[in-house]
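Counting from 1, the numbers follow the sequence of the chain as shown.
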Amino acid sequence: MFESIGWAEILVLIVAGLFILGPERLPDAAAWLGKTLRKVREYATGAREQLKSEIGPEFEEFRKPLEDLRKIRDFDPRRAVTKHLLNDLEDDYQHKPNGHAPSTSGQAPVVQPPVQRPLGYNERPPFDPDAT
């Protein structure tokens with residue numbers, strides 16, 4: 001619910017609440033806020049359960065577009081390009097969301113492509129007449 005609020009913002013809210021409400025009323029306000037949030041959460045859960053019971057199996061069909069939107073939100077362009085251009089080679093080269101290869105502890109090692117050595121002085125590059 002509060003994914004975008006960090007610890008610094010929470011600390012600022014607590015200090016502001018302490019100055020605004022004072023130390024005598026702050027615990028009562030925090031208890032009221034907790035009870036209110038709990039009631040709102042219970043109302044939302046009850047409404048969802050009531051819709052699920054009244055609509056029946058079609059309820060899951062309504063949830064599918066929401067799941068599709070969630071997949072779009074988690075879209076990773078690098079993975080999409082790898083999947084479509086390299087014919088699903090991403091199974092060979094799995095990456096974390098940050099783009100780095102995962103740790104290999106307990107997993108099969110990731111296959112790396114062969115490293116090409118640089119050409120030496122006066123060395124001719126390999127030539128394939130069938131490739132032209």
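Nearest approach of Ile20 to Arg25, heavy atoms of both residues: O-NH2, 4.1 Å.
Under the rule for a side chain to side chain donor-acceptor pair (under 3.5 Å), the partners of Glu67 that lie at least two apart in sequence or sit in another chain are Arg70. In this structure Arg117 satisfies the salt bridge (Lys or Arg N to Asp or Glu O under 4.0 Å) test together with Glu123, sequence neighbours excluded. Residues satisfying the side chain to side chain contact (heavy atoms under 4.5 Å, CB included) criterion with Thr45, sequence neighbours excluded, are Arg48, Glu49. Shown here are the salt bridge (Lys or Arg N to Asp or Glu O under 4.0 Å) partners of Asp68, two or more places apart in sequence or in another chain: Lys64. Under the rule for a side chain to side chain donor-acceptor pair (under 3.5 Å), the partners of Gln50 that lie at least two apart in sequence or sit in another chain are Glu54. Judged as a side chain to side chain contact (heavy atoms under 4.5 Å, CB included), and not counting sequence neighbours, the contacts of Leu18 are Pro23, Leu26.
Residue Leu21 is not grouped with residue Ile14 when hydrophobic side chains (ILVMFWY) are merged at heavy-atom distances under 4.5 angstrom, including chains of intermediate members.
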